[in-house]
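The first residue in the sequence is number 1, and the count goes up from there. All heavy atoms count here, side chains included; hydrogens, waters and symmetry mates do not. When a ligand or atom number is given, it counts from 1 through the structure's own listing order.
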Amino acid sequence: MKKVYLDHNASTPVHPDVIEAMAPFWREVFGNASSVHRFGQQARKAIEDAREKVAGFIGGSSQEVFFTSGGTESDNLAVKGAACACRAKGRHIITSSIEHHAVLSTCKHLEKQGFKVTYLPVDKYGLVDPDDVGKAITEETILISIMHANNETGTIEPIADIGKVAKERGVLFHTDAVQAVGKIPVNVNELNVDILTLSGHKIYGPKGIGALYVRKGTRIEPQIHGGHHEKNKRAGTENVPAIVGLGKAIETAADAMKEESLRLTGLRDMLYSGISKKIESVVVHGHTARGLPNTLNVSFEFVEGESIILGLDIKGIAVSSGSACTSGSLEPSHVLKAMGVDPAISQGSIRFSLGRDNTKEDIDYVLEILPGVVSRLRAMSPLYKKSQYA
Ligand code: PLP
């Protein structure tokens, strides 16, 4: 059976060059990077080389990059770490209602610890208004955390403008750039961000590795205590193979990004135009002009997204509804809810997220299979039948 993977915002296959780069670091260069002997020195050098690559790609310096176990840990370190370090100054945090749960749940946790959190609304495209950020800042505000690109809709937030507001008002600014890095240019100076999250497995690197960029002079308190690793920001023996893999993944993304972005935009647009020609009653979510090149989120009215996923999976096509972390629950997506999407419509939403191995033939295959899946489900849907007689 043909297999078409269109769930790259959930995870990506590890690039063969990344696997090759990582391989020696399990058997040959296996030393602990803190050890003084040559086994340790080699591991240390590999870590510092990877750090240079990550820093260079986002416009920072290597002293400003700290390795973590992934996007979730980086978000926790950013938000809790900044909150703990600045709590004497104030206890107010600003974020948005469409953040990944790695930020939202961390904020909820901090609320229980006595912090006050403002969850900014978004417009119908999922965009945060930088003016709203400015208006929400008080004397007590210590951190603003707004994601760069949304994992469900692909909408790209006006990060540079929000960063400008944060800078003018002297408030720390964190962005979760897990979905943006490797897909669109990300430069910490152009974006005016102080703290930035990225993750390996969204960019053809391994799972369980990520990084946090922390601008020089920004205070964050470590959240994992132990040895002096990562300049006292994150204790624990470094995962050398994964760090090397992240460095290689970044290098590979840097080489391919411009061309890939154009190619994926073409495939995504072809997918949407095919869907809207072949299937009636579809609603697109997110900002088409300000969106990630690889992401398309559409609702098929009168059917459940989960049923479409299963119908496509039988035919070898992998897509998702909402984010990977919330699928499995039939709760409507918090992102679509914040955008004002009717819950009945958001239940039928599907996220197609394209990647490096996808071809025009893959899109043709989806367009051949999807209309039949949707029409079979609609034929069983009382809501659809009702709409036909209305
Ligand atoms: N932030 C965003 C926007 C994400 O999409 C994800 C993963 O889906 C994460 C954070 C969490 O990253 P990780 O899976 O590396 O913990």
Side-chain angles (χ1 to χ4, degrees), residues 5-14 18 54 58 65-81 95-109 122 126-128 145-157 159 162 174-184 186 191 193 195-213 223-224 234 236 239 242-243 245-246 249-250 253 285-286 291-297 318-329 333-336 338 351-355:
Y5 183 81
L6 296 179
D7 202 12
H8 292 82
N9 287 9
S11 200
T12 54
V14 180
V18 171
V54 174
I58 57 172
V65 170
F66 303 90
F67 292 114
T68 67
S69 68
T72 301
E73 190 193 321
S74 290
D75 282 344
N76 270 263
L77 177 57
V79 177
K80 287 184 203 156
T95 187
S96 83
S97 42
I98 57 150
E99 297 299 309
H100 189 274
H101 282 101
V103 167
L104 284 181
S105 302
T106 303
C107 287
K108 294 276 174 220
H109 170 79
V122 291
L127 286 168
V128 173
S145 178
I146 307 286
M147 72 196 318
H148 196 337
N150 186 268
N151 43 306
E152 293 188 34
T153 61
T155 294
I156 301 168
E157 299 299 333
I159 294 300
I162 297 170
H174 164 245
T175 190
D176 173 344
V178 164
Q179 295 291 346
V181 167
K183 294 178 187 146
I184 55 171
V186 173
L191 295 174
V193 301
I195 315 175
L196 180 141
T197 292
L198 61 91
S199 169
H201 73 110
K202 311 289 183 176
I203 52 170
Y204 307 88
K207 292 173 184 59
I209 187 71
L212 190 68
Y213 162 85
Q223 298 301 306
I224 297 178
R234 198 269 185 183
N239 183 349
I243 291 172
L246 175 60
I250 289 269
H285 305 297
L292 289 176
N294 78 321
T295 309
L296 174 67
N297 188 320
V319 297
S320 80
S321 66
S323 68
C325 307
T326 47
S327 57
S329 79
S333 138
H334 70 284
V335 175
L336 298 184
R351 178 185 70 185
F352 302 89
S353 51
L354 283 62

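The proximity of Val103 to ligand 1, defined as any non-hydrogen pair under 4.0 Å, does not occur for either the backbone or the side chain. Contacts with ligand 1 closer than 4.0 Å are made by no heavy atom of Lys207, backbone or side chain. By the criterion of a heavy-atom distance under 4.0 Å, the side chain of Asn151, and not its backbone, is placed next to ligand 1.
The ligand atoms of ligand 1 that sit less than 4.0 angstrom from a heavy atom of His201 are 13 (P), 14 (O), 15 (O). Short contacts between ligand 1 and Met147, defined as distances under 4.0 Å to a heavy atom of the residue, involve ligand atoms 3 (C). Close contacts between ligand 1 and Gly70 involve ligand atoms 15 (O) [criterion: under 4.0 Å to a heavy atom]. Numbered from 1 in the order shown, with element, the atoms of ligand 1 that lie under 4.0 Å from a heavy atom of Asp75 read 1 (N), 10 (C). Counting the atoms of ligand 1 from 1 in the order shown, those under 4.0 Å from a heavy atom of Gln179 are 3 (C), 4 (C), 5 (O).
Ligand 1 has an N or O atom lying under 3.5 Å from an N or O atom of Gly71, backbone or side chain. In terms of polar-atom proximity, defined here as any N/O pair under 3.5 Å, Glu73 makes no such contact with ligand 1. For ligand 1, none of its N or O atoms has an N or O atom of Asn9 under 3.5 Å away.
Here the rule is side-chain contact (heavy atoms from CB on, under 4.5 Å) with Asn76, and of Thr106, Ile224, Thr197, Leu212 only Thr106 fits it. Among Val335, Asn297, Asn150, the one residue that satisfies the side-chain contact (heavy atoms from CB on, under 4.5 Å) test with His285 is Asn297.
Using a 3.5 Å distance cut-off with no hydrogens or angles, the side chains of Ser11 and His201 do pair a donor with an acceptor.
Pairs engaging residues 67-77 under the salt bridge (charged side-chain N to carboxylate O under 4.0 Å, His left out) rule: Glu73-Arg234 [sequence neighbours left out].
Panel note: side chain Ser74, backbone Ala211; a donor-acceptor pair is recorded below 3.5 Å. Side-chain atoms of Ser105 come within 3.5 Å of backbone N or O of His101 as a donor-acceptor pair.
For the pair Ile203/Leu246, a side-chain contact is recorded, criterion being any heavy-atom separation below 4.5 Å from C-beta on.
By the salt bridge (charged side-chain N to carboxylate O under 4.0 Å, His left out) test, Lys108 is found to be paired with Glu111, residues two or more places apart in sequence or in another chain being considered.
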